[in-house]
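Scroll down for the structure; my scribbles are underneath it.
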Amino acid sequence: MKKMMLRSLVLLLLLLSAAAVPVFAGAAAEPAEPEAVTFSLWTQEGESEGVYQWIEALADNYMAADPNVTIEVVRKDTEALREDFQTASLAGDPPELLWTVGDQAGPFTAAGLIRPVDDLYDVSKFVESVVMDGNTYAVPISAGNHLMLLYNKDLVSKAPETTDEFIAAAKAATKGDTFGLVYNMTEPFWLVPWLGGFGGKVFAEDGLTPTLNTQAMIDTLQFLHDLKFKHAVTPIESDYATMDTLFKEGKAAMLINGDWSLSDYAGVLGDKLGVARLPKVTATGKYPAPYTAGKYFMVAEGVEGPVLEAIEGFIGYVTSADIQNEMLETFKRLPGLLSGLNAPAITVDPILKGSASQLAVGTPQPTVVEMRANWDAMKPEMNAVLSGTTSPADAAANMQSAAEAGVRALQ
Amino acid sequence: MEQNSNVIISGFKWFFAPRRRSDSPFKRMIIHIILIALCVAAVYPVLRIVSVSLRPGNRLLSTSLQLIPDDATFESFRIVLQKRDFLLWIWNSLLITITTSLLGVTIASISAYGVSRWHFPGRKAGMIFLLATQMIPAAMLMVPIYILSIKLGLVNSWRGVVIAYSVSSVPFSIWILKGYYDTIPVELEQAAMIDGTTRLGAFYRVVLPLSTPSLAIAFLFNFTQVWNDFLIARIILQRAEFFTWPLGLQRMQGQFQTQWGEFAAASLMVSVPVMILFQLSSKWLISGLTLGSVKG
Amino acid sequence: MGALTAQIVRSSLSEVLGTIFAVAAGIVVLELVLYVILKRKLQWRFSLPIMLVSPALIGLLLLVLYPILYNILLSFSNMSLRRFTVERGLTYGFAEAWNNLKIIFSEPVLKQQKFFPVLFRTFLWTFIQVFFHVTIGMMIALLLNRPMKLRGFYRTLLLFPWAIPQIIAVLAWRGEFNYQYGLFNLLIQKFGGQSINWMSDPFWNYVAINLTNIWLGVPFMTVILLGGLQSIDPSYYEAAEMDGAGKLMGFRLITIPLMKPITTPAIILGVIWTFNQFNVPYFINQFELETSDILVTALFRAAFEYNRYGFASMFALIIFIILLGFSLAYIKITKFSFGFDKAGGGTPLQAVGE
């Protein structure tokens with residue numbers, strides 16, 4: 001037995017030597033065409049939504065049309081994409097093109113890792129993009145990424161117009177193991193729409209100073225607190241997976257979720273799925289303002305020459321009217337191309353119509369680095385309020401001091 | 001109080017008495033019950049993964065404690081095997097894991113012999129160095145290793161991972177192999193050398209064969225380490241054709257959404273090789289994992 | 001696209017095996033060079049062990065030396081996202097190192113909490129974990145160390161947590177702490193209790209993290225301790241029994257001291273691994289409660305979420321120094337000798353060898 005192990009080790013070594021020959025021979029035989037251009041595209045789109053596969057198909061189509069161009073599509077987790085892009089830039093070899101969420105432009109411009117893209121597309125024909133110091137740093141692919149109200153028509157007949165109606169509808173639907181409302185109670189991304197509805201903003205006019213300890217924030221936290229404790233229409237704890245499961249199982253009448261989820265729910269619920277704007281806050285008469293961001297192309301600093309030309313070509317292809325329309329129809333994502341927003345599909349399809357109507361009252365998500373401090377400051381305090389351990393006023397004050405500490409740490 | 005602690009102590013005595021041939025049936029039953037309870041605790045979370053993998057649709061959660069759902073289906077397994085690149089990930093993982101584990105154990109087995117048998121200067125410092133490699137927070141290795149692999153052109157190739165994986169488990173392997181060699185009497189080697197073999201010949205013919213248990217365990221440990229690695233793989237293996245299973249599973253997760261059924265099915269399947277290995281090496285597991293040795 | 005094709009099989013096989021062969025060839029060359037220098041030229045009596053040890057030593061240095069040096073370099077810098085390159089204000093020097101140190105000890109490491117509370121929590125975490133790993137591990141080892149039916153079966157099942165990829169196990173556990181659907185709350189409700197906010201309550205979240213890691217860590221310790229127990233000669237106990245010592249006394253007087261050469265390294269390794277355990281405290285803490293962070297998760301957040309590279313590198317060095325200090329002190333106190341005092345070999349054999 002032991003002997004055999006040793007023999008096989010020796011055998012393995014022999015095998016290795018045989019296998020090594022083709023390696024060294026193969027390394028030299030790489031054909032190099034002089035005009036060939038290769039660039040990497042990193043994206044954070046997932047496979048489960050099907051978008052990643054779509055991007056691969058787009059790259060394949062583009063490569064088929066222009067054989068000189070090779071595009072290497074790499075998928076990374078959202079956070080990993082940011083970290084790895086920074087590290088790769090540090091090592092001097094970043095991927096040339098990114099397809100990612102807009103707020104990452106903040107850190108990337110702070111560190112000087114991406115180049116302006118004003119010369120790569122016609123800014124006037126697209127939705128608002130990331131502008132800093134007079135330069136545009138990102139090409140819009142899709143507009144949205146915004147939260148909206150989704151409801152199960154079996155449980156709620158008509159979308160509520162105001163928060164009073166909203167609470168009433170939620171109360172009426174809450175019975176047994178069915179909840180009137182579910183949302184991701186762990187992420188402040190689900191809090192900011194209401195903050196806008198109560199008239200608040202996370203930054204002062206300069207766009208850099210956190211303003212979290214405000215009456216609007218206290219009202220917002222009180223509102224969320226009441227939904228759970230006073231009106232008892234939400235689950236005790238609910239993260240993304242919980243709300244998602246409940247809504248799919250028909251155990252939640254209303255759900256707050258983003259445009260990325262629409263095609264999935266349309267598949268599960270079919271005609272029962274309703275989509276609408278988040279209801280107007282009765283106390284202020286304002287609509288909640290979810291963050292809008294969408295997905296953008298960003299180009300690494302220092303990319304030039306034929307590679308830049310190839311990238312410009314690929315960007316032009318993806319943002320063309322046909323592809324933008326394909327994205328709209330397949331993934332129910334609103335296009336970054338302004339003319340695409342007038343597409344007939346949007347006015348006909350009730351789901352897209354609801355989504356577009358929500359987008360109209362959304363507010364652009366801040367892209368500055370300081371937003372990280374705000375998110376991190378809001379998250380634990382929002383959770384503390386929703387678990388009943390901290391009062392809204394204390395939470396707002398804690399948020400502010402945490403955000404200020406975070407901003408200092410970012411200096 | 002006094003009374004109380006006496007009761008506890010005598011209970012303890014009774015319970016943990018080592019190797020009694022004549023345990024009462026009652027006591028044996030209690031022991032079996034405790035062990036069964038512990039086994040349930042050890043296995044239960046895994047059973048829940050099984051349950052998720054059998055659930056139709058895309059549900060992670062369920063209020064039912066039933067392990068096999070009424071509408072159980074193997075659909076998730078089918079999708080993972082047929083529609084995902086699962087077989088590619090498994091092939092890549094198996095290839096890299098088996099080869100680097102063999103190389104790593106070979107390197108460690110040789111080095112451990114040097115540490116075990118000679119009082120060369122710096123030996124103790126060397127052992128502390130091995131220990132010190134375990135003290136570096138992994139998060140801090142990520143940026144430098146990434147930069148290094150970009151600079152050396154190791155990104156998207158197997159060369160970098162082979163080197164990194166081959167040595168990553170060497171510290172632990174040397175520890176257990178040295179501990180095991182220490183228990184082998186030197187007289188055996190001396191006898192072999194009197195019979196005319198060299199020092200290394202004695203190591204090869206006497207020490208290595210006797211050390212099968214701990215070689216097997218070192219291999220097992222290398223294997224699980226490399227098999228589960230995400231940190232280095234994520235940095236170096238970026239193209240889909242290089243994906244190992246941790247990267248593949250990660251890709252199955254969306255920004256917000258994950259197909260939990262498929263995720264669970266894939267998780268179970270990737271656990272199988274490690275479990276098989278554990279089962280195969282179980283007879284050596286207890287004797288081979290020697291961090292030190294009992295004098296006796 | 002990414003399917004398993006013969007082409008991919010061929011290319012990966014040849015590259016992997018080729019590299020392994022290249023490494024093996026490198027080792028052979030290294031050994032030859034060492035042989036010529038040490039043995040032929042210097043005729044050093046330790047040339048053989050040095051030759052044996054060098055492949056591992058050089059490989060490990062390759063893997064860790066650059067990262068460590070890089071880390072030290074960064075800890076002497078003010079690097080952050082806004083000072084990413086020298087052109088953008090990145091500077092190196094002792095003043096920067098001092099500044100990083102000052103910030104670590106005087107300002108919040110993350111948001112509100114300063115260094116020492118996090119350090120204390122890390123110590124507490126490490127202590128709880130190692131304590132339970134060793135006691136539960138010892139208990140199971142003692143139970144398994146008796147002749148009985150189904151022993152192999154129990155052993156296999158009890159090792160399950162070790163065989164499951166850690167990250168998958170952690171995600172499965174996180175699901176069990178879900179308020180609505182998790183096993184724990186469902187059980188609590190069944191017995192009429194009040195459901196627990198495992199995710200949002202700082203105390204219970206800390207408990208959840210600890211429970212998970214106890215589950216993960218016990219099997220390894222069990223195996224190590226069981227190995228030790230089985231190598232204790234039963235005649236010791238028989239002798240002790242004849243001297244009138246009780247079972248508990250036997251455990252205290254025989255088992256514990258005899259096991260020391262095994263428990264000492266196991267505890268040292270356990271402490272190091274627990275102290276640096278990232279997956280469990282990071283992933284179970286889904287709400288990012290600051291109160292559940294230990295040093296390495298705080299370090300991760302500082303480095304990758306706030307991109308405070310200089311600060312985080314200094315922070316990592318401090319963690320490293322704490323662990324090194326602990327290990328050296330523990331080795332000293334327990335007079336742990338790495339088995340060197342009795343390693344049969346050494347000198348007598350040398351005489352035969354030369």
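Throughout, protein chains are lettered first and strands after them, A, B, ... in sequence-line order, and every chain is numbered starting at 1. Quick caveat: nothing in here was measured; it's all calculated off a predicted structure.
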Just give me the residue among [options] that pairs up with chain C most often, heavy atom to heavy atom, under 4.5 Å.
options                                : result
B/Leu148, B/Leu277, B/Ile174, B/Thr224 : B/Leu148
B/Ala132, B/Ser173, B/Gly104           : B/Ala132
B/Ser157, B/Gly126, B/Ala138, B/Pro185 : B/Ser157
B/Pro246, B/Pro137, B/Ser166           : B/Pro137
B/Ile147, B/Thr198, B/Ile136           : B/Ile136
B/Val170, B/Val274, B/Ile110           : B/Ile110

Check your understanding: Is the C/Phe278 ring parallel, tilted or perpendicular to the C/Tyr282 ring (thresholds 30°, 60°)?
Key ->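 Ring orientation, 0 to 90° scale: parallel.
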Review point. How are the rings of B/Phe242 and B/Trp158 set to each other: parallel, tilted or perpendicular (split at 30° and 60°)?
Key: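 Rings of B/Phe242 and B/Trp158: perpendicular, as their planes differ by over 60°.
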Top residue by heavy-atom pair count (under 4.5 Å) with chain B, among [options]?
options                             : result
C/Ser11, C/Ala56, C/Pro55, C/Ala172 : C/Ala56
C/Val9, C/Leu317, C/Thr156          : C/Val9
C/Lys149, C/Glu176, C/Met51         : C/Glu176
C/Tyr309, C/Phe315, C/Tyr154        : C/Tyr154
C/Ile68, C/Leu299, C/Leu158         : C/Leu158

Which bit of [X] comes within less than 4.5 Å of chain C, counting heavy atoms only: side chain, backbone, both or neither?
X        : answer
B/Ala164 : both
B/Ile163 : side chain
B/Ser267 : both
B/Ile184 : neither
B/Ala41  : backbone
B/Leu103 : side chain
B/Phe221 : side chain
B/Phe203 : neither
B/Phe278 : side chain
B/Ile49  : side chain
B/Gln279 : side chain

Review point. Can you tell me how far CD of B/Gln134 sits from CZ of B/Phe129, rounded to the nearest 0.5 angstrom?
Key: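 That separation rounds to 10.5 Å.
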Practice item. Drop me the distance from C/Ile167's CD1 to B/Leu249's CG, to the nearest 0.5 angstrom. Key: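 One finds 10.5 Å between CD1 of C/Ile167 and CG of B/Leu249.
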Point to revise | Trace of the side-chain contact (heavy atoms from CB on, under 4.5 Å) decision for C/Gln166 with C/Gln277 | key: CA-CA 11 Å; C/Gln166 196 178 75; C/Gln277 166 61 270; 3.5 Å; yes
**Study point:** Heavy-atom proximity to chain B below 4.5 Å, by part of C/Phe304
**Key:**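 For C/Phe304, side-chain heavy atoms alone lie under 4.5 Å from chain B.
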Practice item. Please state whether the side chain, the backbone, both or neither of C/Ser12 comes within less than 4.5 Å of a heavy atom of chain B. Key: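 The answer is both parts of C/Ser12.
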Practice item. Go through the steps for B/Trp245 and B/Asn228 under the test side-chain contact (heavy atoms from CB on, under 4.5 Å), then give the verdict. Key: CA-CA 8 Å; B/Trp245 72 259; B/Asn228 296 338; 3.5 Å; yes
Practice item. Answer whether the closest heavy-atom distance between the side chains of C/Asn276 and C/Leu323 falls below 4.5 Å. Key: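 Yes. Closest side-chain heavy atoms under 4.5 Å.
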**Study point:** Minimum side-chain heavy-atom gap C/Met148-B/Leu35 below 4.5 Å
**Key:**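 Yes, at least one pair of side-chain atoms sits under 4.5 Å.
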Check your understanding: Are the aromatic ring centres of C/Trp162 and C/Phe220 under 6.0 angstrom apart?
Key ->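 Yes; C/Phe220 has its ring centre under 6.0 Å from that of C/Trp162.
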**Study point:** Where C/Leu63 and B/Ser168 come nearest, the two heavy atoms and their spacing
**Key:**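 The pair with the smallest heavy-atom distance is CD2-CA, 4.2 Å.
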**Study point:** Heavy-atom pair of closest approach, residues C/Trp173 and B/Pro45
**Key:**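 It is NE1-CG, 3.4 Å.
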Exercise for review: Could you go through the side-chain contact (heavy atoms from CB on, under 4.5 Å) check for B/Phe120 and C/Val53 one step at a time?
Suggested key: CA-CA 11 Å; B/Phe120 62 87; C/Val53 172; 3.8 Å; yes
